[in-house]
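Given the structure is predicted, the values throughout are model-derived calculations rather than measurements.
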Amino acid sequence: MRRSWHGRFATGRQMRRWALSAIVALTVFIPAPAAISATAAAVPAITGFNPSSGPVGTQVTITGSGFAPGQIVTFNGVAAGKPTFNQAGTRIVAEVPPLATSGPIRVAQPGGPFDDSDAPFTVTFGADLAKTRIYPGQKLTIAGSAYPPFVDLTFSAGGTPLGGTATDANGNFKVVRTVPDIGPGKTLKFIIDCETVTCAQLALPFSMFTDWPQTRLDPEQDASNSAEWLLDTTSVTTLHRQYDQTAALATSAAMVEQGGRLFYGGGGNNTGQIYSIKVGGKTGSWIATTTRPVTGLAVSGGVLYAVTWNTLLAFDARGITNCTLGQCDPLWTADLGTSTFPYPPVVWLGRVLVTGSGNPATLAAYDAAGTTNCSGSPKVCTPLWSHAYTALYGPPAASSDGRLFLAEGEVGANRIIVLDEYGGAVTQSANLGGTRLFGPTLAGNAVGGTVLVSRWDGSTATLVALDASTAGSIGSWTSSTLGGADVPSVPAASAKRAFVANSSGRLDAFKLAGCGTATCAPVWTSKALGAGNAVPPIVAGGVVFHAADAAADSRNFDQIYAFDEQGQTNCAGTPKVCQPVATISRGITNQDGSVGNPGGMLEAGGIVYGVGGDGWTAFVR
């Protein structure tokens, strides 16, 4: 039986008759005041709904009469959020809310008459994301229904683990997770798995946005920027060089980007500069001068961090605080010592990590906000913690779940070491051999991820993959010989592939998960495309960008080659060899150009930048 606000066991027809009688009585004995609204007078009556079943998130159309905005729709007592009403008051569209169970649908006036459906709505197995277009750092509500009761679930977004939860006695759950910066993508998947019992794996589609072309005002800002999705194996064929930019000083640090602003560093001898330019080549943002060449940059949270041979500097990335007429001074600095020669900084968990390339080498962590262990005017900061090593072969790879991975060199041993957020040792790999490592690169997180590092022994280059959670004791593999007569590049990774370039400009692609044996051959390769200068490849929109000398080019211009990441376009033969889907000439007008260290390549907002010692070139449609 239905219950009404008039009687304990009234039927739906009785309830509507009583409610109508009450309204008539009000009309006869009390003049209707102007303040009585159509919503207050409406008496809901449900005649049907469609569909009759579905999981959380299903849109249900309820038909009947007397429907009006302000009424509450519930599924077996659980309120649906923001139902929509048609103007005629005959239709409501409502989503099955999180934690709903099977039972009647009710439409009710707040504190007034209501009507229940004659048939129950059946809540079935499934899950729903409250938002399907997400920015990094945005909170995401995840809800599911009709799972096994009291079962543990795990979540991952675009291959990055996001923890898990447990279902309740009805097999339902509702949790909120913060989505990390896993990189932009229009066709990513949010995976929900049962951990302790067998159930169907759900893969919910969602999209990740970057900050380009504008800086978000807050993490909840949501919009669709079509330029983020321009790059794919078809559109990349239309890339052309639109403009060149030559800085006052030769480029000495790789370009970085945030919020539609590009930052790159230059220097020579005993001077350096930092340049801020808007995406699209619009100049005039700001410049900073340093006493030594800039060797690395990182940008996070509206602050640009730069390292020179001996100093860490923090700047307002907007070019406002401590800036006058386009010339900026640091917000704070830190003295790194005279023999540090640091790798590019890494911003992680509120810290700026600086790794030295000297011997011995130091990994030091500074407060990214410039507050703790900082004093004076101008403000100078000292480390939160620091640790010394015999040698380090690159900046750390940092995971969002609190682990650091370092390529460390000791006498007679090169290995990957795993640290906690304070720099304390957690575990380490076995001796990886070689005379030098390059990296590391982390694909995914410390749990379930893969650590990649290139290895050189003086004559042979290889790629080494380690299970991130065990530093290689489980699931490790090594590539076959990469070839080339010199050092390989730092590896790059996508969700399923690992990429590395050898010194002759050949690009090799491997399955990130390995091949089931200890030594893996590439799933596809390119031909040798000219000296690669050990430039790391980059991956964007299903395209791998690879820079090489292209000795066959009559102008001696470097080329940027674009390949299908999956090796399905322009590929043939066994072993599979892939031809570029696009070849882009990178050269400063009337000059020879090189895409080499330290400049490399950058993709931002659907634009590809080739950066060499002579400046940078942008390729756009």
Side-chain angles (χ1 to χ4, degrees), residues 134-139 160 178-184 208-221 228 253-265 274-279 285-286 288 294-308 311-323 328 330-334 336 342-355 363-374 379 381 383-385 394-405 421 423 441-442 445 538 600 602-605:
I134 307 164
Y135 275 105
Q138 197 168 7
K139 292 187 182 300
T160 298
T178 299
V179 179
D181 188 356
I182 59 177
M208 286 292 294
F209 295 112
T210 67
D211 288 345
W212 192 90
Q214 60 181 349
T215 302
R216 288 177 291 125
L217 300 178
D218 61 73
E220 297 302 316
Q221 181 179 335
E228 293 180 353
M255 184 182 288
V256 296
E257 179 270 343
Q258 185 183 62
R261 294 177 184 268
L262 301 167
F263 305 93
Y264 70 105
I274 298 166
Y275 308 88
S276 169
I277 293 178
K278 295 179 181 178
V279 167
S285 289
W286 57 267
V294 177
T295 60
L297 299 170
V299 59
S300 177
V303 179
L304 178 73
Y305 303 93
V307 289
T308 68
T311 308
L312 168 65
L313 308 100
F315 296 88
D316 179 4
R318 303 165 301 168
I320 298 174
T321 304
N322 285 10
C323 299
C328 292
L331 303 173
W332 56 268
T333 64
L336 302 178
Y343 295 106
V346 173
V347 186
W348 175 71
L349 300 183
R351 301 168 176 85
V352 184
L353 306 175
V354 180
T355 309
L363 170 65
Y366 298 84
D367 179 15
T371 302
T372 304
N373 288 9
C374 301
K379 186 184 291 185
C381 298
L384 301 173
W385 53 261
S399 73
S400 60
D401 49 358
R403 290 291 181 263
L404 291 173
F405 300 85
E421 60 183 296
T441 298
L442 176 64
N445 265 344
I538 62 172
L602 174 73
E603 185 276 335

Q. Roughly how far, to the nearest 0.5 Å, is CE of Met255 from CD1 of Ile277?
A. 7.0 Å
Q) What residues, two or more places apart in sequence or in another chain, satisfy side chain to side chain donor-acceptor pair (under 3.5 Å) together with Thr371? A) none
Q) What closest approach, in Å, do Arg261 and Ser276 show between heavy atoms, and which atom pair accounts for it? A) NH1-OG, 4.2 Å
Q. Can you name the side chain to side chain contact (heavy atoms under 4.5 Å, CB included) partners of Pro330, sequence neighbours left out?
A. Leu313, Phe315, Thr333
Q: Determine the minimum heavy-atom distance between Pro344 and Pro395, stating which atoms define it.
A: O-CB, 3.5 Å
**Q.** Residues in side chain to side chain donor-acceptor pair (under 3.5 Å) contact with Arg403, at least two apart in sequence or another chain
**A.** none
**Q.** Results of ring-ring contact (aromatic ring centres under 6.0 Å, His included) for Phe263 - residues two or more places apart only
**A.** none
Q. Taking the side chain from Gln258 and the backbone from Gly302, do they hold a donor-acceptor pair closer than 3.5 Å?
A. yes
**Q.** Tyr366 versus Ala334, closest heavy-atom pair with distance
**A.** CE2-CB, 3.5 Å
Q | Which atom of Ala298 lies closest to which atom of Pro345, heavy atoms considered | A | CB-O, 3.5 Å
**Q.** Exercise: identify the closest heavy-atom pair between Thr321 and Asp316
**A.** N-OD2, 2.8 Å
(Q) Within the 4.5 Å heavy-atom criterion, are Ile274 and Trp286 side-chain neighbours or not? (A) yes
Q. Taking all atoms of both residues into account, what is the closest heavy-atom pair of Val299 and Glu257, and its distance?
A. CG1-O, 3.7 Å
Q. Got a donor-acceptor contact below 3.5 angstrom from the Tyr305 side chain to the Ala368 backbone?
A. yes
Q: Could you tell me which residues satisfy side chain to side chain donor-acceptor pair (under 3.5 Å) with Tyr264, sequence neighbours excluded, listed by chain and number?
A: Trp616
(Q) I'd like to check Ile538 versus Leu602 (side-chain heavy atoms, cut-off strictly below 4.5 Å). Are they in contact? (A) no
Q) Can you list every salt bridge (Lys or Arg N to Asp or Glu O under 4.0 Å) pair that touches residues 363-373, not counting sequence neighbours? A) none
(Q) Nearest 0.5 Å, please: how far is OG in Ser399 from CZ in Phe405? (A) 5.5 Å
Q.
Rounded to the nearest 0.5 Å, what separates atom OG in Ser285 from atom OH in Tyr275?
A. 14.0 Å
Q | Qualifying residues under side chain to side chain contact (heavy atoms under 4.5 Å, CB included), relative to Cys323, sequence neighbours excluded | A | Cys328
Q: List for me each residue that meets side chain to side chain donor-acceptor pair (under 3.5 Å) alongside Thr308, sequence neighbours excluded, and say none if there are none.
A: Asn310
**Q.** Student check: side-chain heavy atoms of Glu421 and Trp348 closer than 4.5 Å
**A.** yes
Q: Indicate yes or no for a side-chain donor-acceptor contact from Trp385 to the backbone of Leu363 under 3.5 Å, with no hydrogens or angles considered.
A: no
Q. Can you list the residues that meet the side chain to side chain contact (heavy atoms under 4.5 Å, CB included) rule with Ala254, with sequence neighbours excluded?
A. none
Q: Could you tell me the separation between the CG atom of Leu331 and the CG atom of Leu304, rounded to the nearest 0.5 Å?
A: 9.5 Å
Q: Identify, with sequence neighbours excluded, every residue that meets side chain to side chain contact (heavy atoms under 4.5 Å, CB included) alongside Ser400.
A: Asn445
Q.
Run the salt bridge (charged side-chain N to carboxylate O under 4.0 Å, His left out) test against Asp401 and tell me which residues pass, sequence neighbours left out.
A. none
